[in-house]
Structure formats: structure tokens, C-alpha cells
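In what follows, a single structure is set out as C-alpha cells and then discussed.
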Amino acid sequence: MYSFLEPGIEALRRPADIHLEQGTVMADRTKLDEYIAELEAAAYARGREDARAEMKAELMAFQKGLQANVEKLSAELERAKERLTVDLTEKLLPYLRSTGTTVDAESEPREPREGSDQAKVLEVIREHPGLRGMEVVKALNGSVEERTVRTALHRLKRRNAIMQREGAWHPVSMSLFQNSESQSPV
């Protein structure tokens with residue numbers, strides 16, 4: 001009857017068809033989103049494992065480099081200790097002589113009696129040079145009273161067994177006295 005309206009009627013029918021098709025497309029879209037989410041999760045997991053492996057390799061390389069640096073620094077420290085001992089010996093002997101401290105065979109420090117408080121204090125200073133008085137007391141863990149430690153420190157200093165520099169106690173090397181023996185008339 002109204003043939004010119006048929007294309008319009010066809011257009012009116014299409015939205016329903018399109019709606020059905022959109023529902024189908026939407027269902028496919030949901031599956032597609034799930035599939036994409038699975039792919040992303042798998043890629044993330046692979047990336048995370050790759051990142052872990054890469055970080056582990058970098059950490060191992062860093063650890064090897066750190067160990068090499070520690071060994072290098074230890075060797076440098078030993079060389080510095082040797083230089084310091086030589087420098088200290090060369091500078092300390094003239095200083096001791098300039099201050100009137102006698103450094104000869106007669107004033108050579110003798111070892112304190114074994115087991116005495118002075119021997120304990122001297123042993124701590126030899127093992128840990130550069131300790132201050134209270135640190136020596138702490139290192140002895142209460143085996144010697146604080147007043148006794150201080151007395152022992154001053155007596156060892158008078159006997160030239162130890163010296164105090166900037167508040168820290170250091171053992172005096174026996175080589176200092178061996179050098180002076182060759183110069184003293186015997």
C-alpha cells in the first residue's frame with residue numbers, strides 16, 4: 001500500500017536486529033576482555049619473573065664487585081698499617097727523646113707479670129689499639145675495677161709500654177727500643 005514507506009519500515013526493524021546483534025557482540029566482547037585480561041596477567045607474570053631474574057643477576061654482580069672491593073680495601077689497609085708503623089717509629093723516637101723520655105736499653109719496657117691487672121690492660125690495648133680509658137674498662141668486662149685500670153694505664157705509660165695520643169691508648173712498639181739499643185753504649 002504505501003510502498004514508499006517500506007524502506008522506513010525496514011529501518012524500524014533494524015534497531016531490534018541491531019540490538020540482538022549488539023547482545024551477541026557484547027557477549028563476544030566480554031569473552032574478548034577476559035582473554036585480554038588472561039594475556040595481560042600472563043605477560044605481567046613473565047615480566048615479573050624476567051625482572052626478578054634480571055635483579056638477581058645484577059645483585060650477584062654487585063656482590064662480586066663488593067667482595068672484590070673489600071679484598072682490595074683490606075690489602076690497602078694492611079699497607080697503610082705498615083706505613084703508619086714505620087712513620088710512627090720514625091717520628092715517635094725523636095719525639096720521645098725531645099721530651100726527655102729516656103729510650104735506651106735500661107728503660108726498655110719489660111712485660112708485666114703474667115695474669116696481673118697490668119698484663120690484662122696491656123693485652124687489651126695490644127689487641128685493640130686506640131681505645132679510650134672507659135673503653136678499656138668495658139673491654140675487660142668487669143674483670144678489673146675502673147680505678148685499677150686507670151692506675152695500670154698510667155704505670156704502663158711511665159714504663160713506656162703504652163702511650164696516649166689524643167685521649168686514646170696505643171702500645172709502644174718494641175722495635176723502637178731495639179733501634180735505641182744499638183745506639184746506647186753498653
Side-chain angles (χ1 to χ4, degrees), residues 47-186:
R48 185 176 55 224
E49 291 304 316
D50 290 347
R52 282 184 181 164
E54 188 176 317
M55 286 175 54
K56 186 176 180 180
E58 288 179 15
L59 183 60
M60 295 300 286
F62 177 75
Q63 186 177 11
K64 286 179 184 177
L66 185 62
Q67 187 174 6
N69 283 340
V70 166
E71 291 170 0
K72 181 181 173 184
L73 289 173
S74 294
E76 287 180 22
L77 179 62
E78 287 302 316
R79 286 192 301 271
K81 280 183 183 178
E82 290 171 10
R83 283 192 312 269
L84 180 61
T85 302
V86 170
D87 289 347
L88 184 61
T89 302
E90 290 173 355
K91 293 176 182 174
L92 181 62
L93 190 57
Y95 171 75
L96 289 175
R97 287 191 178 133
S98 71
T99 60
T101 305
T102 57
V103 182
D104 56 20
E106 294 173 11
S107 69
E108 181 177 325
R110 64 182 192 282
E111 290 292 317
R113 278 191 327 269
E114 191 174 322
S116 69
D117 293 336
Q118 285 186 22
K120 292 176 187 176
V121 170
L122 184 57
E123 181 181 341
V124 167
I125 292 172
R126 284 181 177 159
E127 289 176 2
H128 308 286
L131 292 179
R132 296 181 174 277
M134 283 306 297
E135 293 169 336
V136 173
V137 172
K138 288 178 185 174
L140 289 167
N141 295 326
S143 66
V144 180
E145 293 292 325
E146 180 182 351
R147 290 185 335 191
T148 307
V149 170
R150 295 197 182 283
T151 301
L153 287 170
H154 290 288
R155 287 181 180 168
L156 289 167
K157 180 181 176 183
R158 269 198 322 249
R159 291 171 50 195
N160 294 325
I162 61 174
M163 61 180 268
Q164 190 175 25
R165 189 175 66 223
E166 297 178 8
W169 293 99
H170 300 274
V172 174
S173 173
M174 293 302 286
S175 64
L176 289 175
F177 302 101
Q178 291 169 355
N179 289 342
S180 65
E181 285 178 19
S182 62
Q183 297 172 354
S184 64
V186 177

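Positions are given from 1 along the sequence.
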Problem set entry | Any donor-acceptor N or O pair under 3.5 Å, side chains Q118, R113 | no
The criterion is salt bridge (charged side-chain N to carboxylate O under 4.0 Å, His left out); which residues satisfy it with [X], sequence neighbours excluded?
| X | value |
| --- | --- |
| E49 | R52 |
| R150 | E146 |
| E78 | K81 |

For this session: With sequence neighbours left out, write down each residue that passes ring pair (Phe, Tyr, Trp, His ring centres under 6.0 Å) with H154, or none if nothing qualifies.
Result: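 H154 satisfies ring pair (Phe, Tyr, Trp, His ring centres under 6.0 Å) with W169 only.
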For this session: Walk me through it: do L140 and V124 pass the test side-chain contact (heavy atoms from CB on, under 4.5 Å)?
Result: CA-CA 7 Å; L140 289 167; V124 167; 3.4 Å; yes
Exercise. Which pairs with one or both residues in residues 60-73 pass side chain to side chain donor-acceptor pair (under 3.5 Å), sequence neighbours excluded?
Worked result: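 The answer is none; no pair qualifies.
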Exercise. Taking atom CD of E145 as the centre, does the number of heavy atoms from other residues, nucleotides or ligands within less than 6.0 Å exceed 12?
Worked result: no
For this session: Of all the heavy-atom pairs spanning P129 and P171, show the shortest one and how long it is.
Result: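 Where P129 meets P171 most closely, the heavy atoms are CB-CD, 3.8 Å.
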Exercise. What are the two closest non-hydrogen atoms of K157 and Q164, and how far apart are they?
Worked result: NZ-OE1, 4.1 Å
For this session: Give every residue pair that meets the ring pair (Phe, Tyr, Trp, His ring centres under 6.0 Å) criterion with at least one member in residues 49-73, sequence neighbours excluded.
Result: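 Counting only pairs at least two positions apart or across chains, no ring pair (Phe, Tyr, Trp, His ring centres under 6.0 Å) contact touches residues 49-73.
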Could you tell me the separation between the [atom1] atom of [X] and the [atom2] atom of [Y], rounded to the nearest 0.5 Å?
| X | Y | atom1 | atom2 | result |
| --- | --- | --- | --- | --- |
| L131 | I125 | CG | CD1 | 7.5 Å |
| L122 | D117 | CG | CG | 12.5 Å |
| D50 | M55 | CG | CE | 13.0 Å |

Could you tell me which residues satisfy side chain to side chain contact (heavy atoms under 4.5 Å, CB included) with [X], sequence neighbours excluded, listed by chain and number?
| X | answer |
| --- | --- |
| A119 | P112, S116 |
| E58 | E54 |
| E123 | E127 |
| R158 | R155 |

Exercise. Between T148 and V144, is there a donor-acceptor pair closer than 3.5 Å when you use the side chain of the first and the backbone of the second?
Worked result: no
Exercise. side-chain contact (heavy atoms from CB on, under 4.5 Å) between V136 and V121: does it pass, once the steps are laid out?
Worked result: CA-CA 7 Å; V136 173; V121 170; 4.1 Å; yes
